[in-house]
Amino acid sequence: MSNSVRTRFAPSPTGFMHIGNLRTGLYAYLFAKSKGGDFILRIEDTDQERKVEGAVDMIYRTLKTAGISYDEGPDKDAGFGPYVQTERMGLYKEYAEKLVELGGAYYCFCDKERLEGLKDENGVHTYDKHCRNLSKEEVERRLRAGEPYVIRQKVPEGVVSEYEDMVFGKISVNSQDIEDGVLLKSDGLPTYNFANVVDDHLMNITHVIRGTEYLSSTPKYNLIYDAFGWERPKYMHLPPIMKDATRKLSKRFGDANFEDFISKGYLPEAIVNYIALLGWCPKDNREKMSMGEMTEAFDVDGISHSSSIFDEAKMRWLNGEYLKAMGEDEFYAAALPWIEKGINGNNYDKRELARLMRTRVDILSEIPEKLAFLSDFKAYDLAMYEHKKMKVDAAVALRAVGAALDILKSLDDWSEEGIKQAISENAEKYSLKGGQIMFSMRVALTGAAVTPGGAIEMAIVLGREESLKRLEFSEKLLEDAQA
Ligand code: GLU
């Protein structure tokens with residue numbers, strides 16, 4: 001066996017991928033890559049009842065979008081495959097039988113009724129080891145007779161099973177607290193408890209990285225490694241991500257789904273960066289980091305022992321930082337679909353709009369709403385013209401919009417500089433302040449209280465013709481209101 005690090009991500013196709021699942025995969029990836037090792041994808045689909053149509057494809061898609069690439073997986077066999085558990089069925093039976101021979105497991109023929117009878121007042125049953133000491137002859141006879149059976153773990157008595165978790169330190173469980181649980185079910189399918197051990201061993205996994213829900217069952221799995229005489233892997237259990245102080249994120253409740261964030265206009269690299277920080281902190285406390293930087297900085301010491309709360313506002317902020325750091329062309333390419341949605345088939349200069357949006361949104365999906373004024377302009381609330389500090393009301397606005405029309409109609413140079421100069425040079429002629437014209441003009445051009453830029457920027461994106469048309473329309477609205 002080579003010594004190089006091999007980690008794996010072992011999602012179950014039982015729904016979409018929430019941020020917590022993805023973080024587990026990300027840490028396994030970062031750890032392997034930080035050590036120059038391999039990262040493996042394994043699909044754990046033995047829970048056929050909870051299997052969700054399309055979930056396997058979603059796993060591939062998510063990893064691809066997130067930029068987490070695996071060295072081995074269902075479509076990249078490096079000799080350790082198959083990498084899908086249902087394609088490994090024969091193996092589990094073979095190894096379960098081997099474990100029986102080695103004294104680490106036994107056949108159990110107890111039927112449903114008998115197990116029902118073992119239930120306590122809470123409906124929980126602990127297996128009473130009824131079949132643990134059946135004679136070899138009896139077992140063979142019953143197997144030959146075709147009696148249904150399961151294979152159970154033969155947990156050694158009177159031992160303490162202990163291991164050193166890389167995050168949580170020493171974990172120990174007394175064997176009297178471990179049930180002789182089922183390893184191979186009567187339908188021949190393995191339980192997770194067995195499959196994870198067989199697969200991790202056969203795939204030469206050196207470091208098992210997964211959620212804390214497995215922290216305390218790991219001593220039980222280790223007893224299986226021991227019974228086989230296999231080397232145990234090292235373990236890194238990760239504290240959960242919560243949606244608030246008391247509730248974990250849950251895929252059953254549709255929480256924090258990676259693909260939902262993508263369709264909301266988050267950038268995959270920003271999501272991945274944010275989730276890396278949910279439970280891990282680099283030594284220098286940096287926040288914005290690329291995958292390469294995270295790989296370089298990743299270390300187990302930085303993994304937190306306590307749970308973290310998923311904070312969408314923080315992720316949004318980080319996404320905004322990514323947008324601001326983009327070059328103009330890159331931003332244009334990313335924003336284009338959202339800009340197109342915003343202009344809704346109208347003919348505007350998309351480059352100009354991209355420039356306008358670049359520093360004004362934290363996530364791209366804010367764009368259509370911010371551009372709504374371009375395609376949706378109709379009679380609006382004239383109260384928007386009230387501005388006490390600037391001494392603007394509907395009457396002043398009527399004069400200001402009239403002045404803007406006058407000034408702009410004869411303007412040749414329809415540029416930011418040109419418009420700005422023309423208004424500031426001429427405002428006095430109309431007994432108005434430049435600011436009063438600008439303010440009134442912005443409302444008149446957009447019909448919106450909040451706009452993604454000032455009057456001049458709005459005039460530029462709308463263009464000369466549309467701007468003049470809107471100013472005329474607004475002048476008429478103001479006149480009608482005063483009549
Ligand atoms: N299929 C398990 C899960 O999705 C994987 C646990 C593990 O990584 O061992 O929770």
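Whatever order the structure lists them in is the order used to number ligands and atoms, beginning at 1.
Taking every heavy atom of Arg210 and a limit of under 4.0 angstrom, the matching atoms of ligand 1 come to 7 (C), 8 (O), 9 (O). Here is the list of ligand 1 atoms found below 4.0 Å of a heavy atom in Glu44: 1 (N), 2 (C), 5 (C).
Nearest-heavy-atom check against atom 9 (O) of ligand 1 across Tyr235, Tyr221, Tyr192, Tyr214 picks out Tyr192.
Not a single salt bridge (charged side-chain N to carboxylate O under 4.0 Å, His left out) links Lys154 to another residue, sequence neighbours left out. Every residue two or more places apart in sequence or in another chain was checked for a salt bridge (charged side-chain N to carboxylate O under 4.0 Å, His left out) with Arg210, and none qualifies.
No donor-acceptor contact under 3.5 angstrom links the side chains of His18 and Asn257, judged on distance only. Checked by atom type, the side-chain pair Asn193/Tyr221 shows a donor-acceptor distance below 3.5 Å.
Heavy atoms of Arg8 come nearer than 4.0 angstrom to ligand 1 in at least one pair.
Side-chain rings of Tyr163 and Tyr235 approach one another, their centers coming within less than 6.0 Å.
Inclusion of Ala10 in the set of residues having an N or O under 3.5 Å from an N or O of ligand 1 is warranted.
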